[in-house]
Amino acid sequence: MPELPEVEILVRHLAPLVKSRTIQGVEIRRPRVLGPTPATEITQALNGARFTHLIRRGKFLLFSLRSAADREPILLVGHLGMTGRMYLLPHSAELPKHAAVVLDLGRHNFVYEDPRYFGRLTLDRSSLNRLGPEPLDPEFTVANFAADLRKSAQAIKIKLLDQSLVAGVGNIYASEALFRAGISPRIAARRLKPDQIERLHTAIREVLTAAIDAGSTLPLDFAGDTPNRNRNRLFYYGAAGPDSGFYQERLQVYDRADAPCVRCATPIRRLIQAARSTFFCPQCQRK
DNA sequence: AACGCCGCCTGATCGC
DNA sequence: TGCGATCAGGCGGCGT
(Lines give C-alpha, C1' and ligand atoms only; values in the text may rest on other atoms or scores of the structure.)
Protein backbone atom coordinates (compact mmCIF):
# COMPACT_ATOMS: atom_id res chain seq x y z
CA MET A 1 0.00 0.00 0.00
CA PRO A 2 1.34 3.42 -0.87
CA GLU A 3 2.54 5.42 2.11
CA LEU A 4 4.56 8.62 2.32
CA PRO A 5 7.70 7.31 0.54
CA GLU A 6 5.77 5.79 -2.35
CA VAL A 7 3.74 8.95 -2.81
CA GLU A 8 6.90 11.05 -2.62
CA ILE A 9 8.53 8.99 -5.37
CA LEU A 10 5.40 9.20 -7.47
CA VAL A 11 5.23 12.98 -7.07
CA ARG A 12 8.88 13.40 -8.04
CA HIS A 13 8.42 11.36 -11.17
CA LEU A 14 5.02 12.72 -12.11
CA ALA A 15 5.71 16.41 -11.49
CA PRO A 16 7.86 17.07 -14.59
CA LEU A 17 5.50 15.00 -16.73
CA VAL A 18 2.39 17.01 -15.96
CA LYS A 19 3.93 20.43 -15.43
CA SER A 20 2.63 23.00 -17.91
CA ARG A 21 0.39 20.44 -19.58
CA THR A 22 -3.13 21.50 -20.48
CA ILE A 23 -6.12 19.28 -19.84
CA GLN A 24 -8.03 18.84 -23.09
CA GLY A 25 -10.64 16.46 -21.81
CA VAL A 26 -11.96 15.01 -18.57
CA GLU A 27 -13.50 11.57 -18.26
CA ILE A 28 -15.04 10.57 -14.96
CA ARG A 29 -15.55 6.81 -14.90
CA ARG A 30 -16.14 6.42 -11.16
CA PRO A 31 -17.76 9.46 -9.58
CA ARG A 32 -17.22 7.90 -6.20
CA VAL A 33 -13.51 8.87 -6.23
CA LEU A 34 -14.50 12.53 -6.49
CA GLY A 35 -15.75 12.52 -2.91
CA PRO A 36 -18.25 15.32 -2.37
CA THR A 37 -17.24 17.13 -5.57
CA PRO A 38 -19.92 16.81 -8.29
CA ALA A 39 -18.65 15.34 -11.55
CA THR A 40 -19.94 18.34 -13.48
CA GLU A 41 -18.04 20.73 -11.23
CA ILE A 42 -14.68 18.99 -11.53
CA THR A 43 -15.11 18.48 -15.26
CA GLN A 44 -15.82 22.15 -15.79
CA ALA A 45 -12.99 23.25 -13.50
CA LEU A 46 -10.35 21.01 -15.07
CA ASN A 47 -11.27 21.35 -18.73
CA GLY A 48 -8.68 23.60 -20.32
CA ALA A 49 -6.83 24.01 -17.05
CA ARG A 50 -3.05 23.83 -16.93
CA PHE A 51 -0.86 22.08 -14.35
CA THR A 52 1.50 24.41 -12.50
CA HIS A 53 2.83 22.50 -9.49
CA LEU A 54 2.67 19.10 -7.87
CA ILE A 55 3.64 18.46 -4.28
CA ARG A 56 3.06 15.79 -1.63
CA ARG A 57 1.41 16.32 1.76
CA GLY A 58 1.29 13.20 3.92
CA LYS A 59 -0.04 10.54 1.57
CA PHE A 60 -1.86 13.13 -0.53
CA LEU A 61 -0.85 14.46 -3.93
CA LEU A 62 -1.60 18.15 -4.34
CA PHE A 63 -1.94 19.20 -7.98
CA SER A 64 -1.98 22.94 -8.55
CA LEU A 65 -3.56 24.14 -11.76
CA ARG A 66 -4.68 27.35 -13.35
CA SER A 67 -8.12 27.37 -14.88
CA ALA A 68 -8.70 28.17 -18.53
CA ALA A 69 -11.57 30.58 -18.05
CA ASP A 70 -10.59 32.95 -15.26
CA ARG A 71 -7.03 31.78 -14.60
CA GLU A 72 -7.96 31.20 -11.01
CA PRO A 73 -5.80 28.70 -9.13
CA ILE A 74 -7.25 25.21 -8.67
CA LEU A 75 -6.13 22.64 -6.12
CA LEU A 76 -6.75 19.05 -7.11
CA VAL A 77 -6.34 16.66 -4.19
CA GLY A 78 -5.29 13.08 -4.91
CA HIS A 79 -5.00 10.06 -2.64
CA LEU A 80 -4.09 6.53 -3.69
CA GLY A 81 -6.00 4.75 -0.95
CA MET A 82 -4.95 1.11 -0.87
CA THR A 83 -4.57 0.30 -4.53
CA GLY A 84 -4.56 3.57 -6.44
CA ARG A 85 -2.08 4.41 -9.20
CA MET A 86 -1.45 7.49 -11.26
CA TYR A 87 0.54 7.59 -14.45
CA LEU A 88 0.63 8.82 -18.03
CA LEU A 89 -0.43 6.48 -20.78
CA PRO A 90 -0.06 7.05 -24.53
CA HIS A 91 -3.35 8.35 -25.86
CA SER A 92 -3.79 5.31 -28.07
CA ALA A 93 -3.23 2.78 -25.28
CA GLU A 94 -6.12 0.84 -23.85
CA LEU A 95 -7.36 2.10 -20.50
CA PRO A 96 -7.19 -0.25 -17.51
CA LYS A 97 -10.33 -1.91 -16.24
CA HIS A 98 -10.48 0.22 -13.13
CA ALA A 99 -9.62 3.61 -14.56
CA ALA A 100 -11.49 6.02 -12.31
CA VAL A 101 -10.52 9.35 -13.85
CA VAL A 102 -8.83 10.03 -17.18
CA LEU A 103 -7.44 13.44 -18.11
CA ASP A 104 -6.65 14.00 -21.76
CA LEU A 105 -3.28 15.75 -22.02
CA GLY A 106 -2.91 15.36 -25.79
CA ARG A 107 -0.22 12.82 -26.58
CA HIS A 108 -0.89 11.12 -23.28
CA ASN A 109 -3.71 10.49 -20.90
CA PHE A 110 -3.24 11.09 -17.21
CA VAL A 111 -4.81 7.99 -15.65
CA TYR A 112 -5.94 7.54 -12.10
CA GLU A 113 -6.83 3.89 -11.66
CA ASP A 114 -7.89 2.23 -8.46
CA PRO A 115 -9.33 -1.30 -8.33
CA ARG A 116 -10.88 -0.75 -4.90
CA TYR A 117 -11.83 2.88 -5.36
CA PHE A 118 -10.64 3.71 -1.86
CA GLY A 119 -8.56 6.60 -3.19
CA ARG A 120 -9.68 10.06 -4.24
CA LEU A 121 -9.18 12.70 -6.88
CA THR A 122 -11.19 15.66 -5.74
CA LEU A 123 -11.50 19.40 -5.28
CA ASP A 124 -12.51 18.82 -1.66
CA ARG A 125 -9.75 19.91 0.73
CA SER A 126 -11.33 18.91 4.02
CA SER A 127 -9.04 15.92 4.54
CA LEU A 128 -5.99 18.16 4.55
CA ASN A 129 -7.19 20.01 7.63
CA ARG A 130 -6.88 16.87 9.69
CA LEU A 131 -3.24 16.22 8.85
CA GLY A 132 -0.50 16.48 11.43
CA PRO A 133 3.07 17.60 10.74
CA GLU A 134 5.20 16.38 7.86
CA PRO A 135 7.56 13.88 9.46
CA LEU A 136 10.54 14.96 7.36
CA ASP A 137 10.07 18.68 7.99
CA PRO A 138 11.39 20.62 10.99
CA GLU A 139 7.79 21.17 12.14
CA PHE A 140 7.81 17.56 13.31
CA THR A 141 9.42 18.11 16.70
CA VAL A 142 10.05 15.67 19.52
CA ALA A 143 8.33 18.05 21.93
CA ASN A 144 5.07 18.19 20.00
CA PHE A 145 5.22 14.48 19.23
CA ALA A 146 5.65 13.72 22.94
CA ALA A 147 2.82 16.06 23.90
CA ASP A 148 0.45 14.33 21.47
CA LEU A 149 1.47 10.85 22.62
CA ARG A 150 0.84 11.79 26.23
CA LYS A 151 -2.85 12.38 25.40
CA SER A 152 -3.43 8.89 24.05
CA ALA A 153 -4.12 5.59 25.74
CA GLN A 154 -4.09 3.76 22.41
CA ALA A 155 -1.43 1.22 21.55
CA ILE A 156 1.44 3.11 19.92
CA LYS A 157 1.15 1.16 16.66
CA ILE A 158 -2.47 2.21 16.25
CA LYS A 159 -1.64 5.77 17.23
CA LEU A 160 1.07 5.99 14.56
CA LEU A 161 -1.58 5.36 11.92
CA ASP A 162 -3.43 8.47 13.08
CA GLN A 163 -2.68 11.02 10.35
CA SER A 164 -3.24 13.91 12.76
CA LEU A 165 -0.31 12.74 14.88
CA VAL A 166 2.13 12.67 11.99
CA ALA A 167 1.20 12.64 8.31
CA GLY A 168 2.09 9.83 5.94
CA VAL A 169 2.90 6.86 8.16
CA GLY A 170 0.88 3.79 7.23
CA ASN A 171 0.69 0.18 8.27
CA ILE A 172 4.07 -0.86 6.85
CA TYR A 173 6.26 1.95 8.15
CA ALA A 174 4.53 2.00 11.54
CA SER A 175 5.77 -1.54 12.15
CA GLU A 176 9.18 -0.76 10.69
CA ALA A 177 9.68 2.36 12.80
CA LEU A 178 8.72 0.58 16.01
CA PHE A 179 11.14 -2.22 15.23
CA ARG A 180 13.92 0.22 14.53
CA ALA A 181 13.20 2.02 17.80
CA GLY A 182 12.95 -1.23 19.76
CA ILE A 183 9.47 -0.44 21.06
CA SER A 184 6.58 -2.83 21.55
CA PRO A 185 3.64 -2.05 19.23
CA ARG A 186 1.29 -2.81 22.12
CA ILE A 187 2.49 -0.28 24.64
CA ALA A 188 0.07 2.59 25.32
CA ALA A 189 1.26 5.80 23.63
CA ARG A 190 1.20 7.70 26.91
CA ARG A 191 3.45 5.13 28.60
CA LEU A 192 6.41 5.77 26.31
CA LYS A 193 9.48 7.09 28.11
CA PRO A 194 11.17 10.25 26.82
CA ASP A 195 14.11 8.29 25.42
CA GLN A 196 11.71 5.95 23.62
CA ILE A 197 9.83 8.89 22.13
CA GLU A 198 13.11 10.35 20.98
CA ARG A 199 14.12 7.06 19.38
CA LEU A 200 10.73 6.62 17.73
CA HIS A 201 10.82 10.16 16.37
CA THR A 202 14.22 9.44 14.84
CA ALA A 203 13.18 5.99 13.63
CA ILE A 204 10.14 7.35 11.77
CA ARG A 205 12.31 9.81 9.91
CA GLU A 206 14.99 7.25 9.16
CA VAL A 207 12.61 4.59 7.90
CA LEU A 208 10.79 7.02 5.61
CA THR A 209 14.00 8.60 4.35
CA ALA A 210 15.57 5.22 3.60
CA ALA A 211 12.49 4.15 1.66
CA ILE A 212 12.50 7.35 -0.39
CA ASP A 213 16.21 6.96 -1.12
CA ALA A 214 15.67 3.37 -2.21
CA GLY A 215 12.75 4.37 -4.43
CA SER A 216 14.71 7.18 -6.02
CA THR A 217 17.10 4.68 -7.52
CA LEU A 218 14.32 2.97 -9.44
CA PRO A 219 14.21 3.51 -13.19
CA LEU A 220 11.33 5.63 -14.45
CA ASP A 221 9.66 2.72 -16.11
CA PHE A 222 9.96 0.46 -13.12
CA ALA A 223 6.98 -1.78 -12.74
CA GLY A 224 6.29 -4.11 -9.89
CA ASP A 225 4.14 -6.49 -11.87
CA THR A 226 4.45 -8.01 -15.31
CA PRO A 227 6.52 -5.90 -17.69
CA ASN A 228 4.18 -6.42 -20.61
CA ARG A 229 1.22 -4.93 -18.88
CA ASN A 230 3.08 -1.74 -18.16
CA ARG A 231 5.32 -1.25 -21.14
CA ASN A 232 3.24 1.65 -22.40
CA ARG A 233 3.32 3.59 -19.24
CA LEU A 234 5.40 6.70 -19.28
CA PHE A 235 5.62 6.47 -15.56
CA TYR A 236 4.20 4.00 -13.21
CA TYR A 237 4.19 3.89 -9.46
CA GLY A 238 5.18 0.28 -9.14
CA ALA A 239 3.39 -1.83 -6.62
CA ALA A 240 6.73 -2.86 -5.18
CA GLY A 241 5.08 -5.47 -3.07
CA PRO A 242 6.74 -7.63 -0.47
CA ASP A 243 7.60 -10.12 -3.22
CA SER A 244 9.83 -7.72 -5.08
CA GLY A 245 13.47 -8.18 -4.14
CA PHE A 246 14.00 -4.45 -4.01
CA TYR A 247 11.37 -3.99 -1.38
CA GLN A 248 12.09 -7.03 0.70
CA GLU A 249 15.55 -6.11 1.87
CA ARG A 250 14.23 -2.75 3.03
CA LEU A 251 11.56 -4.18 5.29
CA GLN A 252 12.85 -5.78 8.45
CA VAL A 253 9.59 -6.93 10.03
CA TYR A 254 6.61 -6.18 7.80
CA ASP A 255 5.10 -9.32 6.27
CA ARG A 256 7.89 -11.43 7.77
CA ALA A 257 5.85 -13.49 10.25
CA ASP A 258 7.82 -16.56 11.44
CA ALA A 259 10.96 -15.40 9.62
CA PRO A 260 14.05 -14.77 11.78
CA CYS A 261 14.56 -11.29 13.20
CA VAL A 262 17.44 -9.62 11.35
CA ARG A 263 18.95 -8.62 14.69
CA CYS A 264 18.41 -11.58 17.02
CA ALA A 265 16.97 -14.37 14.85
CA THR A 266 13.87 -14.73 17.03
CA PRO A 267 10.85 -15.50 14.82
CA ILE A 268 8.94 -12.34 13.86
CA ARG A 269 5.36 -12.33 15.13
CA ARG A 270 2.19 -11.06 13.53
CA LEU A 271 -0.65 -9.66 15.57
CA ILE A 272 -3.90 -7.88 14.77
CA GLN A 273 -4.47 -4.40 16.13
CA ALA A 274 -7.55 -2.40 15.13
CA ALA A 275 -8.15 -4.96 12.37
CA ARG A 276 -4.71 -4.38 10.87
CA SER A 277 -1.63 -6.56 10.82
CA THR A 278 1.29 -5.58 13.00
CA PHE A 279 4.67 -7.29 12.70
CA PHE A 280 7.28 -7.15 15.43
CA CYS A 281 10.11 -8.99 17.12
CA PRO A 282 8.98 -10.21 20.56
CA GLN A 283 12.59 -10.18 21.72
CA CYS A 284 13.81 -6.79 20.44
CA GLN A 285 10.51 -5.02 21.13
CA ARG A 286 9.54 -6.01 24.66
CA LYS A 287 7.18 -3.96 26.76
C1' DA B 1 -12.76 14.52 22.60
C1' DA B 2 -10.56 10.20 22.41
C1' DC B 3 -11.73 5.95 20.76
C1' DG B 4 -13.98 1.83 18.81
C1' DC B 5 -16.55 0.18 15.07
C1' DC B 6 -18.59 -0.04 10.49
C1' DG B 7 -18.87 0.55 5.51
C1' DC B 8 -16.71 1.20 1.35
C1' DC B 9 -14.49 -2.03 -2.68
C1' DT B 10 -12.23 -5.82 -5.50
C1' DG B 11 -8.58 -9.24 -6.10
C1' DA B 12 -6.16 -12.87 -4.02
C1' DT B 13 -6.40 -16.76 -1.41
C1' DC B 14 -8.63 -20.45 1.07
C1' DG B 15 -11.67 -24.45 1.86
C1' DC B 16 -14.49 -27.96 0.15
C1' DT C 1 -11.56 -27.66 -11.52
C1' DG C 2 -14.83 -24.56 -9.79
C1' DC C 3 -16.94 -21.64 -6.80
C1' DG C 4 -18.47 -19.38 -2.73
C1' DA C 5 -16.47 -17.51 1.62
C1' DT C 6 -12.99 -14.99 3.75
C1' DC C 7 -9.46 -11.66 4.14
C1' DA C 8 -6.95 -7.25 3.49
C1' DG C 9 -6.91 -2.30 4.71
C1' DG C 10 -6.95 3.83 4.54
C1' DC C 11 -10.09 6.65 6.00
C1' DG C 12 -14.54 9.10 6.89
C1' DG C 13 -18.59 9.01 9.57
C1' DC C 14 -21.01 7.89 13.55
C1' DG C 15 -22.02 6.73 18.26
C1' DT C 16 -20.37 6.57 23.05
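Throughout, a chain's letter reflects where its sequence line sits, starting with A, and its residues are numbered from 1.
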**Report entry** Side chain of Pro115(A) (C-beta onward), nearest among dG9(C), dT10(B), dC3(B)
**Finding:** dT10(B)
Query raised in the report: Are OP1 or OP2 of dC11(C) and a side-chain N or O of Lys59(A) less than 4.0 angstrom apart?
Result: yes
**Report entry** Under-4.0 Å side-chain N/O to phosphate OP1/OP2 contact, Lys97(A) with dT10(B)
**Finding:** no
Query raised in the report: At under 4.0 Å between heavy atoms, what does Arg190(A) touch on the DNA or RNA strands: base, sugar-phosphate, or nothing?
Result: nothing
Query raised in the report: Asn171(A) has an atom CG; how far is it from atom P of dA8(C), in whole Å?
Result: 11 Å
Report summary line: In short, salt bridge (charged side-chain N to carboxylate O under 4.0 Å, His left out) pairs touching residues 161-176 of chain A with sequence neighbours left out are Lys159(A)-Asp162(A)
Report summary line: Atom CG of Asp148(A) and atom P of dC3(B) are separated, to the nearest Å, by 11 Å
**Report entry** Stacked cation flag Arg32(A) on Tyr117(A), 6.0 angstrom / 45 deg
**Finding:** no
Report task. Mind calculating the distance between CG (Leu149(A)) and C1' (dC3(B)) to the nearest angstrom? Result -> 16 Å
Query raised in the report: Which nucleotide, dG4(B), dC9(B), dG10(C), lies nearest any side-chain atom of Arg32(A)?
Result: dC9(B)
Requested in this report: Drop me the distance from Phe51(A)'s CZ to Arg66(A)'s CZ, to the nearest 0.5 angstrom.
Outcome: 14.0 Å
Report summary line: The reported gap from CG in Asp114(A) to CG in Leu121(A) (rounded to nearest 0.5 angstrom) is 10.5 Å
Query - Value in whole Å for how far the P atom of dC11(C) lies from CG of Leu160(A) - result: 13 Å
Query raised in the report: For Arg130(A) and dG12(C), is the shortest distance between a side-chain N/O and OP1 or OP2 below 4.0 Å?
Result: yes
Report task. Could you tell me the separation between the CG atom of Leu165(A) and the P atom of dA1(B), rounded to a whole number of Å? Result -> 17 Å
**Report entry** base_contact_polar (dA8(C) base, Arg116(A) side chain, donor-acceptor, <3.5 Å)
**Finding:** yes
Report task. Find the distance Arg150(A):CZ to dA1(B):P and express it as a whole number of Å. Result -> 18 Å
Query raised in the report: Within 45° of the six-membered ring axis of Tyr254(A) and under 6.0 Å from that ring's centre, is NZ or CZ of Arg270(A) located there?
Result: no
Query raised in the report: In whole angstrom, what separates Leu161(A)'s CG from dA2(B)'s P?
Result: 17 Å
Report task. Check whether any side-chain nitrogen or oxygen of Ser126(A) sits under 4.0 Å from OP1 or OP2 of dG12(C), and answer yes or no. Result -> no
Query raised in the report: Should His98(A) be listed as having a side-chain N or O under 4.0 Å from OP1 or OP2 of dG11(B)?
Result: yes
Requested in this report: Indicate whether OP1 or OP2 belonging to dC11(C) is found under 4.0 Å from a side-chain N or O atom of Gln163(A).
Outcome: yes
Query raised in the report: Is there ring stacking between Phe118(A) and dC8(B), where the centres must be under 5.5 angstrom apart and the planes under 30 degrees?
Result: yes
Query - Phosphate contact (dT10(B) OP1 or OP2) by Thr83(A) side-chain N/O below 4.0 Å - result: no
Query raised in the report: With a 4.0 Å cut-off on heavy atoms, is Ala153(A) in touch with a base, just the backbone sugar-phosphate, or nothing at all?
Result: sugar-phosphate
Report task. Measure from CD on Glu3(A) to C1' on dA8(C) and round the result to the nearest Å. Result -> 14 Å
Query raised in the report: Is the centre of the Phe118(A) ring less than 6.0 Å from the centre of the His79(A) ring?
Result: no
Query - Short side-chain N/O contact to dG9(C) OP1/OP2 from Tyr254(A), under 4.0 Å - result: yes
Query raised in the report: Within less than 4.0 Å of OP1 or OP2 of dA8(C), is there a side-chain N or O belonging to Arg270(A)?
Result: yes
